[in-house]
Amino acid sequence: MCLGVPGRVVEVDGLTATVDFWGVRRPVRLDIVDQAVSPGDYILNHVGFAIRRIPAEEIGETLALYETLLAEAEKEDLMASDVRGEIAATGPGGNDGAS
């Protein structure tokens with residue numbers, strides 16, 4: 001199963017964006033995203049690539065779903081593990097101390 005993880009675009013530099021995933025910032029490639037993105041937009045990330053800009057009217061529901069998934073899941077939960085893996089797979093680095 002493939003799973004994308006939503007994140008908020010903080011900065012765009014050419015074809016790379018800095019994206020915030022629940023306080024962890026990671027570089028994400030924009031080569032294949034379906035629409036142009038700007039800081040403040042939300043994207044769906046899959047293994048370090050933005051695959052979709054999340055429409056503004058879907059952001060609240062999408063984030064609530066992932067928050068519930070992560071809050072209620074135990075380490076043995078495969079879907080939550082996949083979400084955590086997607087966040088970790090977005091590249092080297094981590095929280096830069098900014099939100």
Side-chain angles (χ1 to χ4, degrees):
M1 172 174 73
C2 296
L3 181 66
V5 177
R8 183 179 53 83
V9 175
V10 177
E11 179 181 348
V12 176
D13 183 15
L15 289 175
T16 303
T18 301
V19 179
D20 184 287
F21 300 95
W22 288 273
V24 177
R25 291 184 178 193
R26 301 288 181 151
V28 173
R29 295 291 303 175
L30 301 174
D31 305 82
I32 60 173
V33 69
D34 64 341
Q35 297 177 27
V37 299
S38 301
D41 287 341
Y42 281 79
I43 56 93
L44 197 58
N45 171 73
H46 179 66
V47 293
F49 286 87
I51 58 174
R52 179 174 183 250
R53 184 176 63 80
I54 302 172
E57 62 274 7
E58 295 177 18
I59 292 168
E61 183 179 0
T62 300
L63 293 177
L65 174 66
Y66 279 82
E67 290 283 351
T68 299
L69 171 69
L70 293 172
E72 294 180 2
E74 301 203 359
K75 289 185 179 183
E76 295 80 31
D77 183 294
L78 295 177
M79 189 169 182
S81 179
D82 197 26
V83 170
R84 291 183 187 101
E86 283 291 319
I87 292 170
T90 58
N95 191 339
D96 64 4
S99 295

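Computation of the quantities below employed the complete heavy-atom set of this structure, encompassing side-chain atoms and omitting hydrogens, waters and symmetry-equivalent molecules.
One distance of note links CG of Asp41 with CZ of Arg8; it measures 11.0 Å at 0.5 Å rounding. To the nearest 0.5 angstrom, Leu63 atom CG is 6.0 Å from Trp22 atom CH2. For the atom pair CZ (Phe49) and CD1 (Ile43), the distance works out to 12.0 Å, reported to the nearest 0.5 Å.
At most 12 heavy atoms of other shown residues, nucleotides or ligands fall within 6.0 angstrom of atom CD in Glu61.
Each of Val19, Thr18, Val5 was checked for a side chain to side chain contact (heavy atoms under 4.5 Å, CB included) with Val28, and the lone residue meeting it is Val19.
Summarising the geometry of Thr16 relative to Pro27, their closest heavy-atom pair is CG2-CB, 4.0 Å, with the distance given to 0.1 Å. Between Pro6 and Leu44, the shortest heavy-atom distance links the atoms N-CD1, 3.9 Å.
Scanning for side-chain contact (heavy atoms from CB on, under 4.5 Å) contacts around Glu58 gives Arg52, Ile54, Pro55, Thr62, with sequence neighbours left out.
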Identify every side-chain donor-acceptor pair in residues 30-40 under 3.5 Å, counting partners at least two apart or on other chains, and give the distances.
unit_1, atom_1, unit_2, atom_2, d
Asp31, OD1, Arg29, NE, 2.8
Asp31, OD1, Arg29, NH2, 3.1
Asp31, OD2, Arg29, NH2, 2.9
Asp34, OD1, Arg53, N, 2.9
Gln35, OE1, Arg53, NE, 3.1
Gln35, OE1, Arg53, NH2, 2.3

